[in-house]
Asker: 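Before I ask anything, let me first share the structure, which is written out below as structure tokens.
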Amino acid sequence: MSILSVENVNKNFGGLRALNNVNLEVEAGTVHAIIGPNGAGKSTLLNCFVGRLEPDTGTVLFNGQSLLGLKPHQINQTGVSRVFQTPEIFDDMTLLENVTIPALAKRDGSFRLNAWRAVRDESKIHEAAHECLADVGLGEKSQELARQLSRGDKRRLELAMCLVQDPKLLLLDEPTAGMSRADTNNTIDLMRRIADQGVTMVVIEHDMHVVFSLADKISVLAQGTVIAEDIPDRIKGDARVQEAYLGGAHL
Ligand SMILES: Nc1ncnc2c1ncn2[C@@H]1O[C@H](COP(=O)(O)OP(=O)(O)OP(=O)(O)O)[C@@H](O)[C@H]1O
Ligand SMILES: [Mg+2]
């Protein structure tokens with residue numbers, strides 16, 4: 001059964017056709033990777049799922065419900081959490097405070113600036129935030145300021161900020177970009193554990209090691225169009241994909 005169903009989505013920026021009749025079905029309980037060259041429209045597509053952008057035409061259904069016209073926080077409350085291409089964390093807050101904010105946002109539908117009070121007073125949220133930090137391997141650092149984290153740890157913090165929302169669908173835009181090989185492998189393990197808990201994931205990634213380690217299915221975007229969608233083994237051998245994605249080099 002599809003948890004996310006995307007039909008005929010188009011998005012233009014001025015004269016540029018960033019998304020051209022995109023169709024995508026994400027099966028519940030799977031990891032669905034979206035790959036494609038720089039500028040293919042991957043982030044634009046993800047932004048259409050979370051309410052940051054509105055498609056010009058087309059439909060986006062989550063569990064059969066249209067997401068179009070909903071505000072980002074409303075989409076978030078339906079069970080969709082995301083990590084964007086550029087980290088979005090609060091540098092001057094502790095890790096614990098960072099994780100508390102999305103927990104409150106999911107619950108209340110708004111960001112409350114007195115997150116620190118919740119950390120002190122609301123033990124359930126406090127506990128959940130601690131648990132999620134421990135899950136991603138940052139339990140020891142809960143009182144450190146986010147700005148002090150390495151790039152890999154910042155990505156892990158963002159994953160904890162998603163997990164605390166208990167998402168049904170997790171959208172990740174280049175979760176391992178800029179990470180060391182060791183951090184990347186730790187992140188693959190972490191994503192595998194999250195997937196094994198039944199969370200459906202859509203992962204945009206350039207790192208083929210990550211893609212082929214995790215994906216149940218791969219959609220290939222090129223110039224705003226899905227040029228192939230298949231299981232990893234078949235994508236590897238697809239001549240159109242080789243050509244569009246790597247200019248003829250082998251995956
Ligand atoms: N807000 C915007 N206004 C105008 N053009 C945009 C905007 N956002 C994206 N674009 C353009 O749309 C196209 C698709 O961009 P997008 O960021 O979705 O690509 P991408 O596949 O995520 O690339 P990358 O792999 O480099 O992250 C690009 O040509 C980009 O320059
Ligand atoms: Mg992008």
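Position 1 is the first residue of the sequence; numbering continues from there. In listed order, ligands and their atoms are each counted from 1.
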Asker: Check contact between Gly36 and ligand 1, using heavy atoms of the residue and a distance below 4.0 angstrom.
Answerer: no

Asker: From the Mg ion (ligand 2) out to just under 2.8 Å, does an N/O/S atom of Ser43 turn up?
Answerer: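 An N, O or S atom of Ser43 is closer than 2.8 Å to the Mg ion (ligand 2), so yes.
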
Asker: Look at atom 23 (O) of ligand 1 and say which protein heavy atom is nearest, naming residue and atom and giving the distance to 0.1 Å.
Answerer: Gly39 N, 2.8 Å

Asker: Does the pair Glu158/Arg155 count as a salt bridge with the N-to-O cut at 4.0 Å?
Answerer: yes

Asker: Strictly inside 4.0 angstrom of atom 31 (O) of ligand 1, do you find any protein heavy atom?
Answerer: no

Asker: Do Val226 and Leu61 land in one hydrophobic cluster if side-chain heavy atoms of ILVMFWY residues count as linked below 4.5 Å?
Answerer: no

Asker: Pull out every atom of ligand 1 sitting under 4.0 Å from any heavy atom of Thr44, numbered as shown with elements.
Answerer: 9 (C), 14 (C), 15 (O), 16 (P), 18 (O)

Asker: Looking at Asp153 and Arg156, does any basic side-chain N land under 4.0 Å from a carboxylate oxygen?
Answerer: yes

Asker: For ligand 1, which atoms sit closer than 4.0 Å to a heavy atom of Ala18?
Answerer: 12 (O)

Asker: What residue and heavy atom of the protein are closest to atom 1 (N) of ligand 1, and at what distance?
Answerer: Phe13 CE2, 3.7 Å

Asker: List ligand 1 atoms under 4.0 Å from Glu174, heavy atoms only on the residue side.
Answerer: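 With Glu174 as reference, the close atoms of ligand 1 come out as 25 (O), 27 (O).
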
Asker: What protein heavy atom sits nearest atom 27 (O) of ligand 1, and how far off is it?
Answerer: Gln85 NE2, 2.8 Å

Asker: With a 4.0 Å cut-off on N to O distance, would you call Lys236 and Asp230 a salt bridge?
Answerer: no

Asker: For Ser66 and Leu68, indicate whether the former's side chain and the latter's backbone hold a donor-acceptor pair under 3.5 Å.
Answerer: yes

Asker: Which is closest to atom 26 (O) of ligand 1 in terms of heavy atoms, Ile204, Leu16, Asn38, Leu221?
Answerer: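 Nearest option to atom 26 (O) of ligand 1, by heavy atoms: Asn38.
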
Asker: Can you tell me which residue and heavy atom of the protein come closest to atom 17 (O) of ligand 1, and the distance to 0.1 Å?
Answerer: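 The closest one turns out to be Ser43 CB, 3.8 Å.
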
Asker: Donor-acceptor check, side chain of Asn8 to backbone of Gly58, threshold 3.5 angstrom: yes or no?
Answerer: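 No; zero donor-acceptor contacts below 3.5 Å.
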
Asker: Asp56 side chain to Asn12 main-chain N or O, any donor-acceptor pair under 3.5 Å?
Answerer: yes

Asker: Any sub-3.5 Å donor-acceptor pair from Thr200's side-chain atoms to Gly29's backbone N or O?
Answerer: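 A pair under 3.5 Å: yes.
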
